[in-house]
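Computed from a predicted model, the values in this text were never measured in an experiment. Computed over heavy atoms, backbone and side chain alike; hydrogens, waters and symmetry mates excluded.
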There are 2 protein chains.
Amino acid sequence: MNDEPRWLTAEEQLVWRSYIEAATLLEDHLDRQLQRDAGMPHVYYGLLVKLAESPRRRLRMTELAKYAKITRSRLSHAVARLEKNGWVRREDCPSDKRGQFAILTDEGYEVLHRTAPGHVNAVRQAVFDRLTPEQQKSLGEIMRIVAEGLQPSEAGADLPWLR
Amino acid sequence: MNDEPRWLTAEEQLVWRSYIEAATLLEDHLDRQLQRDAGMPHVYYGLLVKLAESPRRRLRMTELAKYAKITRSRLSHAVARLEKNGWVRREDCPSDKRGQFAILTDEGYEVLHRTAPGHVNAVRQAVFDRLTPEQQKSLGEIMRIVAEGLQPSEAGADLPWLR
DNA sequence: CCCAGTTTGTTTAACTTTCAAGGAACCGTC
DNA sequence: GACGGTTCCTTGAAAGTTAAACAAACTGGG
């Protein structure tokens with residue numbers, strides 16, 4: 001046991017600062033882009049995408065929350081809003097009476113269809129067009145590692161002191 | 001001119017998904033960690049850090065907003081809250097009567113001093129401890145590029161069609 | 001069965017962020 | 001010296017997020 005904090009080195013600090021800045025600017029940028037062109041924030045857009053990719057364009061609330069990495073509470077509010085927009089509707093789960101499906105409506109699909117090109121373009125412009133293929137690959141690997149480390153996934157993962 | 005959307009390739013999609021997931025999970029993780037241990041969200045913590053790093057622990061509001069990559073409006077609310085906590089105080093700028101300094105109080109410095117080790121630790125655990133030195137370097141380069149591309153910085157940068 | 005414990009999804013209130021608007025001070029020019 | 005335009009920062013309302021608490025439905029061991 002060593003309580004002495006291991007501060008970040010100068011290089012690490014620079015890396016971390018770059019990360020925070022880029023992540024902040026990027027999320028802001030995409031939020032504004034989508035708010036303007038699609039009338040919803042980035043997270044909500046992501047929800048529609050997940051639904052569109054799913055069989056029968058539907059997912060159980062908990063599933064959707066898991067895929068989107070958000071809490072069920074947040075999802076509950078979000079779907080309520082999307083429902084009000086007519087882009088998502090709900091349906092009761094027959095096998096589990098607690099359950100709800102969130103279902104992408106045709107109208108929701110339309111919005112996605114209409115706004116996806118602009119969004120992809122924004123992502124390209126901000127990220128992929130600026131990186132070499134090696135950097136893209138590298139970014140993927142790095143973020144995959146970070147994401148895995150933060151998943152409340154595997155058994156025992158939440159009991160790190162046992163490992 | 002080509003209106004045909006350039007969709008992301010399968011590989012690019014995977015990279016992008018990893019990025020979104022990691023960024024979401026990471027921000028959530030740090031927000032919770034700081035909310036729990038320091039009683040404020042990550043962005044607010046970042047503001048205190050910027051102030052602590054500044055000469056005389058003070059910055060003009062606009063400067064602080066620029067460094068933290070947030071809008072002045074957002075900063076205005078944030079500082080109001082931090083002020084209420086006694087961690088920041090304001091002072092009028094003598095040379096420009098519109099101006100305000102945000103100043104880190106001793107109490108604010110104390111909070112930072114007390115909570116920084118835990119935060120650094122969280123960052124290490126989530127990011128640096130999982131990456132090789134090469135990956136860390138790579139991440140820094142990549143994020144620096146992305147951040148630069150999104151800065152509302154250079155002249156003409158907001159008129160890309162002229163370049 | 002039954003009951004304790006879990007899972008599902010929602011709700012409320014507190015908080016944070018965004019958007020649009022605005023007041024006040026500055027700056028340059030006529 | 002006053003006018004138009006800009007910059008600095010704040011404000012209030014609307015939208016989004018979080019945390020905690022909750023009801024309802026499921027689950028499994030006794």
Inset, instruction - Could you pick out which residue, Y44(A) or T62(B), lies toward the 5' side of DNA chain D when each is mapped onto its nearest nucleotide? - result: T62(B)
Legend entry - side-chain N/O R81(A) vs dG16(D) OP1/OP2, d < 4.0 Å: yes
Inset, instruction - Just call it for R36(B): base, sugar-phosphate, or nothing, with non-hydrogen atoms closer than 4.0 Å on any strand. - result: nothing
Legend entry - Atom-pair distance (CG on L34(B); C1' on dC15(C)), nearest Å: 16 Å
Inset, instruction - From the options dA25(C), dC9(D), dC19(C), select the nucleotide whose nearest atom is closest to the side chain of K97(B). - result: dA25(C)
Inset, instruction - Report, as yes or no, whether the 6.0 Å neighbourhood of atom NZ on K69(A) holds more than 12 heavy atoms from other residues, nucleotides or ligands. - result: yes
Legend entry - Distance in angstrom units between H42(A) NE2 and dT18(C) P, rounded: 15 Å
Inset, instruction - Let me know, please, whether Q35(A) or M40(B) comes out on the 5' side of the other along DNA chain C by nearest nucleotide. - result: M40(B)
Legend entry - Nearest-angstrom distance from the residue atom CG of L75(B) to P of dC8(D): 13 Å
Legend entry - Backbone of E83(B) reached by a side-chain donor or acceptor of R89(B) within 3.5 Å: no
Legend entry - Upstream residue (5' side of DNA chain D) when D96(B) and I70(A) are each assigned their closest nucleotide: D96(B)
Inset, instruction - Taking only the side-chain heavy atoms of V43(A) (C-beta and beyond), determine which of dT18(C), dA25(D), dT17(D) contains the nearest atom. - result: dT17(D)
Inset, instruction - Verify the cluster assignment for V123(B) and I142(B): are they in a single hydrophobic cluster under the rule of side-chain heavy atoms below 4.5 Å apart? - result: yes
Inset, instruction - Write down the distance between CG (L82(B)) and P (dT17(C)), rounded to a whole number of angstrom. - result: 10 Å
Inset, instruction - For D31(A), answer base if it contacts any base atom (sugar-phosphate contacts may also be present), sugar-phosphate if it contacts only those atoms, and nothing otherwise; contact means non-hydrogen atoms under 4.0 Å. - result: nothing
Legend entry - N-O pairing of R32(B) and D37(B) below 4.0 Å: no
Legend entry - Phosphate OP1/OP2 of dT10(D) contacted by Q100(B) side-chain N/O (<4.0 Å): yes
Inset, instruction - Establish, with yes or no, whether the OP1 or OP2 oxygen of dC26(D) is under 4.0 angstrom from a side-chain nitrogen or oxygen of R98(A). - result: no
Inset, instruction - Would you tell me if any nitrogen or oxygen in the side chain of R90(A) comes within less than 4.0 Å of OP1 or OP2 on dT10(C)? - result: yes
Legend entry - R60(A), nearest nucleotide to its side chain (from dC19(C), dT8(C), dT11(C)): dT8(C)
Inset, instruction - May I ask you to decide whether R6(B) forms a salt bridge with D129(A), counting only side-chain N to carboxylate O separations under 4.0 Å? - result: yes
Inset, instruction - Grab the CZ-C1' distance between R32(A) and dA20(C) for me, whole Å please. - result: 13 Å
Inset, instruction - Take atom CZ of R74(A) and atom C1' of dG9(C), then tell me their distance rounded to the nearest Å. - result: 17 Å
Legend entry - Short side-chain N/O contact to dG9(C) OP1/OP2 from R72(A), under 4.0 Å: no
Inset, instruction - Specify the separation, in whole Å, of atom NZ of K84(B) and atom P of dA14(C). - result: 13 Å
Inset, instruction - Please answer whether the main-chain N or O of G86(B) pairs with a side-chain N or O of T105(B) as donor and acceptor at a distance below 3.5 Å. - result: yes
Inset, instruction - Quickly work out the H29(B) NE2 to dT18(D) P distance and round it to whole Å. - result: 15 Å
Legend entry - Closest to side chain of S73(B), choosing from dA20(C), dT18(D), dC9(D): dA20(C)
Inset, instruction - Please evaluate the base of dG12(D) for a donor-acceptor partner in the side chain of H77(B) within a cut-off of under 3.5 Å? - result: yes
